[in-house]
Number of protein chains: 2
Amino acid sequence: MNIGEASKASGVSTKMIRYYESIGLISAPLRTESGYRVYSDNEVHGLRFISRARDLGFSVEQMGDLLALWRDRSRASADVKSIALEHIRVLDEKAKALKAMSDTLRHLADNCHGDGRPDCPIIEGFAQAAPTSVKKRQPRFGVTDIAPDRSHA
Amino acid sequence: MNIGEASKASGVSTKMIRYYESIGLISAPLRTESGYRVYSDNEVHGLRFISRARDLGFSVEQMGDLLALWRDRSRASADVKSIALEHIRVLDEKAKALKAMSDTLRHLADNCHGDGRPDCPIIEGFAQAAPTSVKKRQPRFGVTDIAPDRSHA
DNA sequence: GGTAACGCTTCCAACGATGGGAAGGTCAAG
DNA sequence: CTTGACCTTCCCATCGTTGGAAGCGTTACC
């Protein structure tokens with residue numbers, strides 16, 4: 001299989017496959033005489049593994065750890081589980097933070113007429129008081145924190 | 001007030017204040033003869049506004065819109081509300097996506113012994129089946145999608 | 001044998017928000 | 001006058017992913 005086929009079979013774009021190879025997440029595949037990358041079923045399997053881990057929000061670094069465990073037949077499932085549990089914790093924390101923002105905003109929005117008049121609890125809520133006790137910023141989410149919508153493919 | 005004081009008073013780092021100025025989110029403040037930025041109470045107020053909007057996950061672009069509305073005394077609260085509602089929708093969507101990931105992973109983890117043995121439903125879950133029907137990737141969250149932890153300040 | 005579709009490489013850029021640091025100027029207090 | 005805390009500008013890095021361009025080789029099909 002060449003890279004295009006491997007991409008289709010795994011759900012990882014050719015760009016990303018080459019990128020993962022460049023950063024050492026996956027090893028360099030064999031090449032044809034003419035230089036084309038050739039992927040074995042096993043390698044495609046690994047790409048699918050990556051695709052799935054990625055969809056669950058694992059970082060490239062974590063995917064590296066998981067791949068190593070995947071390939072290690074003498075792994076301890078405890079090691080896998082601990083990575084997973086830590087990731088779950090992070091995911092839940094993020095979700096909680098998002099929900100808190102949403103709730104705060106919802107509360108403000110519920111009290112906003114939403115008509116042609118200028119008075120608005122939302123704007124006022126941003127403008128007034130609560131000098132945020134200055135430091136110790138909370139982790140934040142921006143609109144773009146969700147990965148750029150690759151779904152326009 | 002110089003930039004350091006304005007930063008402390010608003011909760012926006014000096015780096016970010018300069019950055020917001022550079023991208024035109026805020027206008028350039030007056031300078032002393034020696035080139036130091038000087039912030040009025042009003043400008044600090046604006047920075048606090050930004051700080052709060054940012055904590056609710058608004059993007060810089062949206063903050064620009066909100067700031068414009070804030071300064072526009074003839075604004076329609078409906079305009080503010082619509083930005084807020086749209087943002088709430090996005091926040092909820094992200095939270096939902098995170099929760100779905102967490103749940104999937106939790107399910108796998110619950111079935112993992114987590115001991116010294118190698119068999120692990122998590123790894124197996126990643127490795128097997130579900131070729132992701134190839135394309136149309138979902139928006140994803142990576143570990144780093146949560147803003148880098150600035151709280152080590 | 002031509003052509004289109006794919007592949008190759010390298011490099012460069014961007015996204016968003018933020019931090020880090022270097023190299024230098026300024027200001028206040030001792 | 002020195003010291004230290006502040007300010008200035010400028011560039012670089014992060015994180016994951018995508019895009020593009022340039023320039024050329026290969027493969028498959030008609």
Side-chain angles (χ1 to χ4, degrees), chain A residues 1-8 11-26 28-39 50-51 53-64 90 94 135 137-153, chain B residues 1-8 11-26 28-39 50-51 53-64 90 94 135 137-153:
Chain A
M1 276 205 226
N2 63 25
I3 198 171
E5 292 169 312
S7 167
K8 278 170 197 147
V12 180
S13 72
T14 60
K15 275 271 190 192
M16 283 299 100
I17 295 176
R18 293 196 194 95
Y19 170 70
Y20 291 146
E21 181 186 327
S22 79
I23 61 172
L25 181 63
I26 57 180
L30 294 177
R31 303 274 187 135
T32 62
E33 288 183 5
S34 52
Y36 282 27
R37 288 171 179 82
V38 177
Y39 295 88
I50 287 173
S51 177
R54 193 182 57 164
D55 284 345
L56 287 176
F58 285 98
S59 69
V60 166
E61 192 182 355
Q62 284 174 312
M63 287 196 285
V90 171
K94 289 180 188 175
K135 52 200 74 68
R137 299 227 62 83
Q138 298 310 306
R140 288 182 323 98
F141 293 77
V143 159
T144 58
D145 287 340
I146 224 76
D149 191 353
R150 302 211 268 11
S151 65
H152 57 55
Chain B
M1 276 204 228
N2 62 25
I3 200 171
E5 292 169 312
S7 168
K8 279 170 196 148
V12 181
S13 72
T14 60
K15 279 275 188 190
M16 283 298 101
I17 294 176
R18 294 196 194 95
Y19 170 70
Y20 291 147
E21 181 187 327
S22 79
I23 62 172
L25 181 64
I26 57 181
L30 294 177
R31 302 273 187 137
T32 63
E33 287 182 7
S34 52
Y36 282 26
R37 289 171 177 81
V38 177
Y39 295 88
I50 287 173
S51 177
R54 193 184 55 165
D55 283 346
L56 288 176
F58 284 98
S59 68
V60 166
E61 193 182 354
Q62 284 173 312
M63 288 196 284
V90 172
K94 289 181 189 177
K135 51 198 68 68
R137 300 225 59 83
Q138 299 309 308
R140 288 181 323 99
F141 292 78
V143 159
T144 60
D145 288 339
I146 222 72
D149 191 355
R150 302 208 273 6
S151 63
H152 57 55

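Lettering of chains follows the sequences in order, A, B, ..., and the numbering in each one begins at 1. Only this structure's heavy atoms are used, side chains among them; waters, hydrogens and symmetry mates stay out.
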Quiz item: Quick one: are T32(B) and N2(B) in side-chain contact, heavy atoms under 4.5 Å?
Solution: no
Quiz item: Between R54(B) and G11(B), what is the shortest heavy-atom contact and its length?
Solution: NH2-O, 3.4 Å
Quiz item: Could you state the CD1-C1' distance from I50(A) to dG16(D), rounded to the nearest angstrom?
Solution: 13 Å
Quiz prompt | Selected nucleotide, minimal atom distance to Y19(A) side chain, candidates dT17(D), dT8(D), dA17(C) | solution = dT17(D)
Quiz item: Of all heavy-atom pairs between Y39(A) and I17(A), which one has the smallest distance, and what is that distance?
Solution: OH-CG2, 3.2 Å
Exercise. Could you check whether S13(A) gets within reach of a base, just the sugar-phosphate, or nothing at all, counting any heavy atom under 4.0 Å?
Key: sugar-phosphate
Practice problem: May I have the distance from L56(B) (atom CG) to dA17(C) (atom P), rounded to whole angstrom? | Solution: 15 Å
Quiz prompt | Where S13(A) and S7(A) come nearest, the two heavy atoms and their spacing | solution = CA-OG, 3.6 Å
Quiz item: Can a side chain N or O of R18(A) be found less than 4.0 Å away from OP1 or OP2 on dC8(C)?
Solution: yes
Quiz item: Between E21(B) and P29(B), which heavy-atom pair has the shortest distance, and what is it?
Solution: OE1-CD, 3.4 Å
Quiz prompt | Where protein sits on nucleotides 24-30 of chain C, one letter per nucleotide: B base, S sugar-phosphate only, - none, heavy atoms under 4.0 Å | solution = -BBS---
Polar atom pairs between nucleotides 21-23 of chain D and protein, under 3.5 Å, N or O only, would you list them?
none

Quiz item: Once you round it to whole Å, what is the distance between P of dT18(C) and CG of L25(B)?
Solution: 11 Å
Quiz item: Starting at the 5' end of DNA chain D and moving along, which residue's nearest nucleotide shows up first, G35(B) or E61(A)?
Solution: G35(B)
Quiz prompt | dT8(D) OP1/OP2 closer than 4.0 Å to side-chain N/O of R37(B) | solution = yes
Self-check item: Candidates dT8(D), dA17(C), dT17(D) - which lies nearest the side chain of R31(B)
Solution: dT8(D)
Exercise. Go through dT18(C), dT9(D), dT9(C) for me and flag the one nearest to the Y20(B) side chain.
Key: dT18(C)
Quiz prompt | Between dT14(D) (C1') and M16(B) (CE): distance, integer Å | solution = 13 Å
Self-check item: Rounded distance (Å) that lies between atom P of dC7(D) and atom CG of N2(B)
Solution: 4 Å
Practice problem: Rounded off to whole Å, could you give me the CD-to-P distance for the E21(B) and dT18(C) pair? | Solution: 16 Å
Self-check item: Atom pair CD1/CG of I50(A) and L25(A) - distance to nearest 0.5 Å
Solution: 4.5 Å
Quiz prompt | d(CG, L30(B); C1', dC7(D)) in whole Å | solution = 16 Å
Self-check item: Interatomic distance, D55(A) CG vs dG16(D) P [rounded to whole Å]
Solution: 15 Å
Practice problem: Kindly compute the distance separating CZ (R37(B)) from CZ (R18(B)), expressed to the nearest 0.5 Å. | Solution: 5.5 Å
Quiz prompt | OG1 on T14(A) to CD on E5(A), rounded to 0.5 Å | solution = 12.5 Å
Quiz item: Which nucleotide in the set dT18(C), dC7(D), dT9(C) lies at the smallest distance from any side-chain heavy atom of R54(B)?
Solution: dT18(C)
